[in-house]
Every structure is written in structure tokens, then in C-alpha cells.
Amino acid sequence: MTPELDTTVPHSARVWNHLLGGKDNYEADQRAAEQFRAVFPQIVDIALADRAFLGRSVRYLAGEAGVRQFLDIGTGLPTMDNTHEVAQRTAPDSRIVYVDNDPLVLVHARALLTGTPEGACDYIHADLRDPGEILEKAAATLDLARPVAIMLLGVVHFVQDDGEARRLLARLLDAVPSGSHLVITHATLDFDEGRTAQAQAQADWNEKSANPMVPRTREQFTRFFDGLELLPPGVVSMSRWRPEHTPWGSPDEVAGYAAVARKP
């Protein structure tokens, strides 16, 4: 049974879809996105940088790191260059499991399942806060005895308590072997020098949204990778993680951290 879809309350996946120029969202999502953008215009740059980081990190993992399995939790609505498209372009035998708790993502899940014949794709309607369910169902597609890249782009900041967030990550990492990777992007106020515009937009979002979020500092974010091997360049603005070479120099920083780490 498809879970009930409440279109009157903005949901993060649909708001993000609107910011990326998508059409799979509702008036409440559009209103919330535009209110956030009016106060803090850089939110669009953050959304685009997050998506570009997904492409770079998955290309690295499927290419240089040799990862063939991806568990993408909080995937959001399908758009161009989803995880399976990027991974299977590099390694056609890649296997991907998507996870999200938005009923609208479930409605569009077929778009996430059109992978290569050599690989596999699956979709699980579940919440990051229930890692047991995620792992149990993911095991139907992924071999959890072999390395897995756990992708958590723009989702951990919806877990309010630091301790709970670390416990959830530990539960996921405990289920996968050495050679697995953890990939996270996360909201922060560290780049908002006066902590005014972004902080105000953040407070407005938390008041109206079904998915309140907590920005974290660099130190708090870095603790999510305790016990893992942070890959160069470490914890950086998501736009600065192994950016593509251009004649215009390094990209501007955006207000969001990114990192990729390997389980030893």
C-alpha cells in the first residue's frame, strides 16, 4: 500500500526537487522553497553543488575505488544523473538500492529502477531512523559481505540528536565490511559569517516543515567519520570536494560540508 501523501506540508525531497528545477512538487513545497530562497538565495547553489558532488563521488567510488554496491539513503526524487546512472556508466555491473521515506518518491520509484542488464536497482520505502529495516531489505539486492558505499546526501541533518545520528551511522557501518565507504553531505552555518540570513531561513524552514533540520559545525560533522579513513581532501565545502578542473580556478564555497571515508 502506498503511504498517504500529505501535499499541504512541505517535504524536503519535494522542496529540493523544486530548487533543482524539477516539477514533482506541490504548492506548499514551492512556497517553502521560494521563502527560503528569498531570505537565503545561496540555497540554490547548495542544491546544485550537492547534486554535482553526488556525480563526482560516485564516479570516484565506481572507478578508482572499485566499489560495485551503493546504498543511497534519502535519495530524493529522481532527476538527471541519479546514483545508478553515474555508477553504471562507469561500471555497468554496479548494484544500487535507493531508500526514501517520502511517498512521492515511492510513486516515482520506477524511474530509479531502469538500470543496466549487468547490474541491479531496487527501491525501499523506509526511514534512516530504522536501519534494521533498511539493511534487511537491502540484502535482497546487495551482498552485505562485500564492500558497499553508503550514501547519505543531505539527510543526516534531519536527525536532530547527535548521539542518535552517530548510532544510526554505526549500525549501518557495522553491517558492511572493510573497504566499504561512507559518503555524507550536511547543512552548516559555518559559512554564514554573521549567522543571519541563513539562520533565519533555517528557523523559518523548521517552523513550517515536516522535516526540521539541524545544521552542524565542522567539528560535529567530522565526528561522524570517527574510526574511518577520510579520503583527501577531507571535510570541505561540498563544492570543493575534488572539483572538476576548469580554467576559472576553484569553485566558490557553499554552505554545506561533504566528505568520503573508507572503512578500514
Legend entry - Side chain Asp81, main chain Val86, donor-acceptor under 3.5 Å: no
Legend entry - Donor-acceptor under 3.5 Å (Gln220 side chain, Thr217 main chain): yes
Inset, instruction - Please determine, by modelled atom types, if Asp143 and Gln69 share a side-chain donor-acceptor pair under 3.5 angstrom. - result: no
Legend entry - CA sep, side-chain torsions, deciding dist, call: Tyr123, Val105, side-chain contact (heavy atoms from CB on, under 4.5 Å): CA-CA 9 Å; Tyr123 177 81; Val105 180; 3.5 Å; yes
Legend entry - ring-ring contact (aromatic ring centres under 6.0 Å, His included) contacts in which one or both residues fall within residues 43-76, not counting sequence neighbours: Phe53-Trp241
Legend entry - salt bridge (charged side-chain N to carboxylate O under 4.0 Å, His left out) contacts in which one or both residues fall within residues 63-80, not counting sequence neighbours: Arg68-Asp93
Legend entry - Transitive ILVMFWY side-chain link Ile184 to Val214, under 4.5 Å: no
Legend entry - Results of side-chain hydrogen bond (donor to acceptor under 3.5 Å, both in side chains) for Thr75 - residues two or more places apart only: none
Inset, instruction - With sequence neighbours excluded, tell me which residues meet side-chain hydrogen bond (donor to acceptor under 3.5 Å, both in side chains) with Arg59. - result: Glu244
Legend entry - Where Leu135 and Arg171 come nearest, the two heavy atoms and their spacing: CD1-NH1, 3.1 Å
Inset, instruction - Quick one: closest heavy-atom pair of Leu142 and Ile96, and the distance? - result: CD2-N, 4.4 Å
Name every donor-acceptor pair, under 3.5 Å, that has one atom in a side chain of residues 150-157 and the other anywhere in the protein, sequence neighbours excluded.
residue	atom	partner	partner atom	Å
His157	ND1	Ala187	N	2.9
His157	NE2	Gly154	O	3.1

Legend entry - Pairwise distance CG(Leu48) to OG(Ser239) - rounded to 0.5 angstrom: 11.5 Å
Inset, instruction - Could you tell me which non-hydrogen atom of Pro147 sits nearest to which non-hydrogen atom of Ser178, and how far apart they are? - result: CG-O, 3.8 Å
Legend entry - Residue list, side-chain hydrogen bond (donor to acceptor under 3.5 Å, both in side chains) with His181, at least two apart or on another chain: none
Legend entry - Spacing of Ser180 atom OG and Asp174 atom CG [to the nearest 0.5 Å]: 11.0 Å
Between side-chain atoms of residues 256-264 and protein atoms elsewhere (two or more places apart, or another chain), which donor-acceptor pairs fall under 3.5 Å?
residue	atom	partner	partner atom	Å
Tyr257	OH	Asp190	OD2	2.7
Lys263	NZ	Leu173	O	2.6
Lys263	NZ	Val176	O	2.6

Inset, instruction - State, to 0.1 Å, how close Leu144 and Ala139 come at their nearest heavy-atom pair, and which atoms those are. - result: CD1-CB, 4.1 Å
Inset, instruction - Could you tell me whether a side-chain N or O of Ser94 sits under 3.5 Å from a main-chain N or O of Ala91, the two making a donor and an acceptor? - result: yes
Legend entry - Nearest atoms (heavy-atom pairs only) where Leu106 meets His125: CB-ND1, 3.9 Å
When the side chains of residues 222-233 are checked against the rest of the protein, which donor-acceptor pairs come out under 3.5 Å, sequence neighbours left out?
residue	atom	partner	partner atom	Å
Thr222	OG1	Arg218	O	2.7

Legend entry - N/O donor-acceptor pair under 3.5 Å between Glu253 side chain and Met238 backbone: no
Inset, instruction - For Ser237 and Val254, indicate whether the former's side chain and the latter's backbone hold a donor-acceptor pair under 3.5 Å. - result: yes
Inset, instruction - Tell me, please, which residues at least two apart from Ala126 pass side chain to side chain contact (heavy atoms under 4.5 Å, CB included). - result: Val99, Ile124, Glu133, Ile134
Inset, instruction - Can you sort out the partners of His84 under ring pair (Phe, Tyr, Trp, His ring centres under 6.0 Å), two or more places apart, ordered by chain and number? - result: Tyr98
Legend entry - Listed partners of Glu85 passing side-chain hydrogen bond (donor to acceptor under 3.5 Å, both in side chains), at least two apart: Asn82
Legend entry - Residue list, side chain to side chain contact (heavy atoms under 4.5 Å, CB included) with Arg167, at least two apart or on another chain: Asp161, Glu164
Inset, instruction - Inspect the contact between Arg216 and Asp162 and indicate whether a charged nitrogen and a carboxylate oxygen are less than 4.0 angstrom apart. - result: yes
Legend entry - Closest non-hydrogen atom pair between Gln88 and Cys121, with its separation: NE2-SG, 4.0 Å
